[in-house]
> 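Before we start, here is the structure in question, set down as structure tokens.
These numbers come from the heavy atoms of this one structure, side chains and all, not from hydrogens, waters or symmetry mates. Just so we're on the same page: letters track the sequence lines, and every chain starts at 1.
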Amino acid sequence: MASSALRLYNSLTRQVEPFVPQTPGEVRMYVCGVTVYDDCHLGHARSQMVFDTLHRYFRETGDRVRYVRNITDIDDKIIRKAREAGVPIGTITARYIDSFHRDMERLGILSPMAEPRATEFLGGMIALIERLLARGAAYQAGGDVYFRVRKFAGYGELSHQILEDLRSGARVEPGEAKEDPLDFVLWKGAKEGEPSYPSPFGAGRPGWHIECSAMSLHYLGPTLDLHGGGMDLLFPHHENERAQSEAATGVTFVRTWMHNGFVTTRETKMSKSLGNTRQIRSFFEESPYPEEVTREWLRYFFLSTHYRSPVDFTDQALSAAKLALDGLYQCRSLLEEQFGAFPGEGEADREFAPAFLEAFSADLDTPVALSVLHAAKSRINPWLAGGGAGTPPVDPRAIRSLFDLAGRTMGLLQVPSSRWVGGLRESGAPTGAGLSGEEIARLVDLRESARKNRDFREADAIRDRLKESGVVLEDQPGGPPRIRRI
RNA sequence: GGCGGCGUAGCCAAGCGGUAAGGCAGAGGUCUGCAAAACCUUUAUUCGGCGGUUCGAUCCCGCCCGCCGCCUCCA
């Protein structure tokens with residue numbers, strides 16, 4: 001059970017309001033996935049991570065989550081890319097679907113219940129368009145089918161746009177036969193050399209927005225508890241989805257609309273058209289750390305800013321995130337050394353967990369949740385630093401319980417601390433500078449002998465040498481030094 | 001032009017009517033052969049500026065300055 005009821009910011013009402021699913025104990029959640037024509041960048045990473053965190057929170061608090069995330073595998077950009085490469089679109093989409101899945105694995109994103117692809121749901125989309133035509137909410141013109149925006153009274157409510165303002169800025173492409181510039185396409189008539197599919201309105205392919213309406217209807221019914229995506233999907237994508245879904249079903253499409261803020265570089269939105277994106281793949285490949293470490297590093301970084309605020313992707317902030325996480329691992333490592341294991345698996349925690357979950361309840365305030373982790377660390381560390389004498393100031397089992405909770409909800413602290421802090425000893429893996437575990441062990445032994453002989457010059461020289469290779473030695477009283485990589 | 005967001009210590013970042021969380025960095029100290037790690041102490045009388053409402057405002061209102069986003073594909 002949650003320590004307190006979840007409250008979420010709803011883009012529709014522009015207010016933080018209690019989140020109450022229509023069926024108690026069950027959450028119907030739909031998040032916009034990606035269009036598979038390129039590798040995903042850090043903007044996609046943040047969005048997926050935000051909703052993954054929410055997904056995990058629902059699971060933690062005992063809700064069944066029916067989570068659907070779509071894949072757009074038919075679209076102008078895919079077609080263009082396939083044409084340029086001289087291959088069928090399936091070649092392009094297969095490649096980038098694999099890439100997307102690999103990225104989700106890198107980021108530690110839990111799988112959704114379903115991941116439908118647009119091309120698998122043509123039938124559902126066509127049925128929905130037929131319903132809209134039958135109700136007069138759509139019309140055929142010039143081989144296309146358009147949604148009649150002025151027939152939907154609530155148009156503009158979600159993005160808080162005034163119809164006339166939108167109309168003045170709207171464009172009509174040459175060849176389009178819209179009744180109104182704001183009308184958007186539901187079905188595009190086939191064009192020479194483009195993939196097309198048969199339909200009652202002629203061969204063609206679906207417009208962008210209709211897939212989400214059709215697929216969410218199929219999996220989750222006419223009313224979703226929650227629909228999420230990046231801020232940039234608010235208009236026109238979500239506005240259009242809402243219009244066509246509600247025009248077809250006559251009921252509320254989405255109870256809570258959530259939109260996450262952008263990832264920026266130099267305070268400018270990261271976007272493909274600006275050419276300032278950083279791919280998830282390249283971030284991982286260029287990371288000095290193993291994938292499991294890089295994963296949590298990135299998660300901590302993104303989760304340390306509230307999901308609705310922009311995050312500027314800077315080396316400084318990234319570095320601070322790594323060091324903060326290191327501190328948490330250090331604490332866990334000390335606990336394990338003290339007890340021979342991380343004590344108290346599964347113990348209930350009345351000390352920290354309620355505060356941690358309360359932060360989640362307050363519109364997913366992950367920065368505050370992270371601060372609870374540090375508060376716990378600061379409570380136990382003095383005792384650990386004193387060698388664990390006397391009664392601990394806080395039950396170590398509560399720390400374990402909290403850290404496990406952070407693992408389940410945020411995907412943090414999942415790496416064995418011995419490996420995070422001094423992994424070289426276990427893995428024998430080479431360091432960034434190419435020293436193998438064996439070489440390190442040999443140098444450490446050499447230094448220990450030098451120290452025994454009080455040849456501190458030699459000992460320090462070896463220590464410096466190791467440090468240049470990214471290996472820091474921490475001497476401990478009466479034992480071998482701790483080996484920590486930086 | 002229309003709509004919206006942001007501006008909190010050197011940096012990152014919560015709080016959003018009751019008197020400034022947390023992280024990183026910095027300073028001093030304990031420990032150490034020296035370090036490192038850890039620990040202790042310390043670092044914003046103040047929340048872009050000016051007015052207003054209030055017993056009380058970083059939080060509400062108005063104006064101004066600066067930055068950003070959406071309005072076209074975009075997480």
Side-chain angles (χ1 to χ4, degrees), chain A residues 11 14 16 31-35 37-38 40-51 75-77 156 159-162 164-171 173 208 228-237 239 259-264 266-274 277 300-301 304-306 308-312 314-328 330-331 333-334 355 359 362 365-375 377-378 381-387 421 451 454-457 459-460 463-464 467 472-477 481-482 484 486:
Chain A
S11 302
R14 287 186 175 164
V16 175
V31 172
C32 288
V34 293
T35 300
Y37 72 101
D38 203 352
C40 291
H41 57 72
L42 293 167
H44 300 100
R46 161 129 104 144
S47 186
Q48 291 306 319
M49 211 178 271
V50 164
F51 294 107
D75 151 278
D76 288 349
K77 277 176 273 194
S159 55
H160 301 93
Q161 300 284 334
I162 295 163
E164 283 316 309
D165 294 337
L166 285 173
R167 215 182 304 271
S168 64
R171 295 178 201 169
E173 299 293 327
W208 175 33
M231 222 72 114
D232 45 4
L233 295 182
L234 187 60
F235 188 89
H237 185 50
E239 188 72 59
H259 295 93
N260 64 274
F262 298 127
V263 177
T264 63
R266 294 183 189 174
E267 301 189 341
T268 302
K269 180 187 172 187
M270 189 178 278
S271 88
K272 295 219 182 109
S273 44
L274 293 175
T277 58
Y300 190 102
F301 171 74
S304 64
T305 299
H306 186 84
R308 286 193 279 119
S309 300
V311 177
D312 207 34
T314 64
D315 288 344
Q316 246 188 341
L318 232 27
S319 159
K322 178 61 167 57
L323 288 163
L325 232 198
D326 284 348
L328 259 15
Q330 184 82 17
C331 170
S333 175
L334 290 169
D365 198 341
T366 52
V368 167
L370 290 174
S371 78
V372 174
L373 259 26
H374 289 284
K377 175 197 73 176
S378 299
N381 265 351
W383 181 74
L384 290 166
V421 174
R451 289 182 70 209
R454 304 197 65 78
D455 182 359
F456 294 120
R457 252 182 58 145
D460 290 352
R463 188 172 60 196
D464 290 346
K467 189 171 182 184
V472 172
L473 297 188
E474 296 172 9
D475 292 332
Q476 304 187 103
R482 292 161 65 94
R484 192 169 61 86
I486 51 172

> A:L334 has an atom CG; how far is it from atom P of B:A37, in whole Å?
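Rounded to whole Å, this separation is 13 Å.
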> For A:R451 and B:A35, what is the distance between atoms CZ and P respectively, to the nearest whole Å?
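That distance rounds to 13 Å.
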> Can you work out whether A:Q161 or A:S47 has the more 5'-proximal nearest nucleotide on RNA chain B?
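In this pair, the answer is A:Q161.
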> Quick check: does any side chain N or O of A:R46 sit under 3.5 Å from a backbone N or O of A:G261, one acting as donor and the other as acceptor?
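Judged by distance alone, yes, a pair lies under 3.5 Å.
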> Check for a donor-acceptor pair, side chain of A:T264 on one end and backbone N or O of A:V311 on the other, with a separation under 3.5 Å.
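A pair under 3.5 Å: yes.
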> Checking the side chain of A:E239 only, and the main-chain atoms of A:G156 only, is there a donor and an acceptor separated by less than 3.5 Å?
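Checked: pair present.
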> Nearest to the side chain of A:V472, heavy atoms from C-beta on, is which of B:C3, B:A36, B:A38?
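The listed nucleotide nearest to A:V472's side chain is B:A36.
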> Does A:R308 reach a base, just sugar-phosphate, or nothing at all? Heavy atoms under 4.0 Å.
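Here A:R308 touches no strand at all.
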> Expressed as a whole number of angstroms, how long is the span from A:L234:CG to B:C3:P?
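A:L234 atom CG is separated from B:C3 atom P by 15 Å.
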> How close or far is atom P of B:C6 from atom NE2 of A:H306, stated in whole angstroms?
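Distance check: A:H306 NE2 to B:C6 P gives 11 Å.
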> Taking the same atom, P, in B:G49 and in B:C65, what whole-Å distance lies between them?
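These two P atoms come out 15 Å apart once rounded.
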> Compare the minimum distances between each of B:G69, B:A37, B:C34 and the side chain of A:T268, then state the nucleotide with the smallest one.
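Among the listed nucleotides, the one closest to the side chain of A:T268 is B:G69.
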> Does B:A36 have its OP1 or OP2 closer than 4.0 Å to a side-chain nitrogen or oxygen of A:R482?
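No, outside the criterion.
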> Compare the minimum distances between each of B:A75, B:C71, B:C34 and the side chain of A:R463, then state the nucleotide with the smallest one.
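Among B:A75, B:C71, B:C34, the one nearest the side chain of A:R463 is B:C34.
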> May I ask you to say what A:F456 touches in the nucleic acid, namely base, sugar-phosphate or nothing, with a heavy-atom cut-off under 4.0 Å?
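A:F456: base contact, heavy atoms under 4.0 Å.
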> Work out how far the C1' atom of B:A13 is from that of B:U8, and round it to whole angstrom.
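Approximately 9 Å lies between the C1' atom of B:A13 and that of B:U8.
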> Taking the P atom of each, how far is B:A25 from B:C11, in whole Å?
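It works out to 16 Å between them.
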> From the options B:A75, B:A37, B:C39, select the nucleotide whose nearest atom is closest to the side chain of A:N381.
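It is B:C39.
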> Heavy atoms only, 4.0 Å cut-off, all strands: where does A:L233 land among base, sugar-phosphate and nothing?
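It contacts sugar-phosphate atoms only.
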> Say you draw a straight line from OG1 of A:T314 to CD of A:E267; how long is it, rounded to the nearest 0.5 Å?
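Answer rounded to 0.5 Å: 9.5 Å.
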> side-chain contact (heavy atoms from CB on, under 4.5 Å) between A:Q330 and A:K377: does it pass, once the steps are laid out?
CA-CA 9 Å; A:Q330 184 82 17; A:K377 175 197 73 176; over 6 Å; no
> Mark up nucleotides 18-31 of chain B, 5' to 3', with B wherever a protein heavy atom is under 4.0 angstrom from a base atom, S wherever such an atom reaches only the sugar-phosphate, and - elsewhere.
---BSSSS------
> Which residue lies toward the 5' end of RNA chain B, A:G33 or A:R457, if each is placed at its nearest nucleotide?
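Its nucleotide being nearer the 5' end, the pick is A:R457.
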> Enumerate the protein-to-nucleotides 46-49 of chain B contacts in which both atoms are nitrogen or oxygen and the separation is below 3.5 Å.
none

> Could you pull out the closest heavy-atom pair between A:L234 and A:S11, with the gap in Å?
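Closest heavy-atom pair between A:L234 and A:S11: CD1-CB, 4.3 Å.
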> Fill in the dot-bracket string of RNA chain B, one character per base: . for unpaired, | for a pair to another strand, ( ) or [ ] for pairs within the strand, taking Watson-Crick or G-U pairs under 3.5 Å.
(((((((..(((.....[...))).(((((.......))))).....(((((..]....))))))))))))....
> Once you apply a heavy-atom cut-off of 4.0 Å, does A:I162 come out as touching a base, just sugar-phosphate, or nothing?
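Touches nothing.
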> So if I take every side-chain heavy atom of A:F235 and compare against B:C70, B:C3, B:A14, which nucleotide ends up nearest?
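Nearest to the side chain of A:F235 among the choices is B:C70.
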> Measuring from the side chain of A:D475 (C-beta onward, heavy atoms only), which nucleotide among B:A38, B:A75, B:C34 has the closest atom?
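Minimum distance to the A:D475 side chain belongs to B:C34.
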> Starting from C1' on B:C67, measure out to NZ on A:K269 and report it in whole angstrom.
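Going from NZ in A:K269 over to C1' in B:C67 covers 17 Å.
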> With heavy atoms under 4.0 Å as the rule, sort A:L42 into base, sugar-phosphate or nothing.
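No contact.
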> Between CZ of A:R14 and NE2 of A:H160, what distance do you get to the nearest 0.5 Å?
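Rounded to the nearest 0.5 Å, the CZ-NE2 separation comes to 4.0 Å.
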> Judged by atom type as modelled, is there a donor-acceptor pair below 3.5 Å linking the side chain of A:S47 to the main-chain atoms of A:H44?
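Here the side-chain-to-backbone pair does not exist.
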> Could you measure the distance from the OG1 atom of A:T35 to the NZ atom of A:K77? Nearest 0.5 Å is fine.
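The OG1 atom of A:T35 sits 6.5 Å away from the NZ atom of A:K77.
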> Working to the nearest 0.5 angstrom, can you tell me the gap between A:S159 OG and A:L233 CG?
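Rounded to the nearest 0.5 Å, the OG-CG separation comes out at 12.0 Å.
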> Is there a donor-acceptor pair closer than 3.5 Å between any side-chain N or O of A:D312 and the backbone N or O of A:R266?
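Answer holds: yes.
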> With rounding to whole Å, what would you report as the distance between B:G15 and B:A20 at their C1' atoms?
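To the nearest whole Å, 8 Å.
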> Kindly point out which of B:C39, B:C70, B:A75 is positioned nearest to the side chain of A:H41?
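It is B:A75.
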> Decide, yes or no, whether a salt bridge links A:D464 with A:K467 under the criterion of side-chain N to carboxylate O below 4.0 Å.
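Salt bridge between A:D464 and A:K467, a charged N being under 4.0 Å from a carboxylate O: no.
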> Hey, could you give me the CG/CZ distance between A:L325 and A:F301, rounded to the nearest 0.5 Å?
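If we round to the nearest 0.5 Å, A:L325:CG and A:F301:CZ are 12.5 Å apart.
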> Please report the distance separating the C1' of B:G51 from the corresponding atom of B:G18, rounded so that it comes out in whole Å.
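So the two C1' atoms sit 23 Å from each other.
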> Of the candidate nucleotides B:A14, B:U72, B:A75, which contains the atom at the shortest distance from the side chain of A:N260?
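Given the options B:A14, B:U72, B:A75, the side chain of A:N260 is closest to B:A75.
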> Would you kindly give the CG-to-P distance between A:D365 and B:A14, to the nearest whole Å?
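Rounding to the nearest Å, CG of A:D365 and P of B:A14 are 7 Å apart.
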> On a plain distance test, is the side chain of A:D460 in donor-acceptor contact with the base of B:G33 below 3.5 Å?
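Yes, a donor-acceptor pair under 3.5 Å.
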> Kindly indicate, with the supporting measurements, whether the criterion side-chain contact (heavy atoms from CB on, under 4.5 Å) is fulfilled by A:D475 and A:R451.
CA-CA 11 Å; A:D475 292 332; A:R451 289 182 70 209; 3.3 Å; yes
> Under 4.0 angstrom, heavy atoms only, what part of the nucleic acid is A:G43 near: base, sugar-phosphate, or nothing?
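The answer is base, as A:G43 lies within the cut-off (heavy atoms under 4.0 Å) of a base atom.
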> Between B:G2, B:C12, B:U72, which one does the side chain of A:A317 approach most closely?
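It is B:C12.
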> Go through B:C73, B:A14, B:A75 for me and flag the one nearest to the A:T35 side chain.
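Selected nucleotide: B:A75.
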> Mind checking the SG-CD spacing from A:C40 to A:Q48? Nearest 0.5 Å is all I need.
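A:C40 SG to A:Q48 CD: 8.0 Å, rounded to 0.5 Å.
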> Which part of the nucleic acid, if any, lies within reach of A:M231 when heavy atoms closer than 4.0 Å are counted: base, sugar-phosphate only, or nothing?
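Here A:M231 touches no strand at all.
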> Check the distance between B:C73's P and A:M270's CE and give it to me in whole angstrom.
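It is 22 Å, rounded to the nearest whole Å.
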> Considering only the C1' atoms, how many Å lie between B:U53 and B:U43, rounded to the nearest integer?
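So the two C1' atoms sit 35 Å from each other.
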> Just to be sure I understand the rule, does A:S271 reach a base, reach only the sugar-phosphate, or reach nothing, if contact means heavy atoms closer than 4.0 Å?
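Base contact.
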> I'd like the P distance from B:G29 over to B:C34, given in whole Å.
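The answer is 14 Å between these two P atoms.
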> Can you tell me how far P in B:G10 sits from the matching atom in B:G26, rounded to whole Å?
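That atom pair is separated by 15 Å.
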> Nearest whole Å is fine: how far is B:C71 P from A:H160 NE2?
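It works out to 17 Å between those atoms.
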> Can you list the steps and then say if A:K322 with A:D326 is a side-chain contact (heavy atoms from CB on, under 4.5 Å)?
CA-CA 6 Å; A:K322 178 61 167 57; A:D326 284 348; 2.9 Å; yes
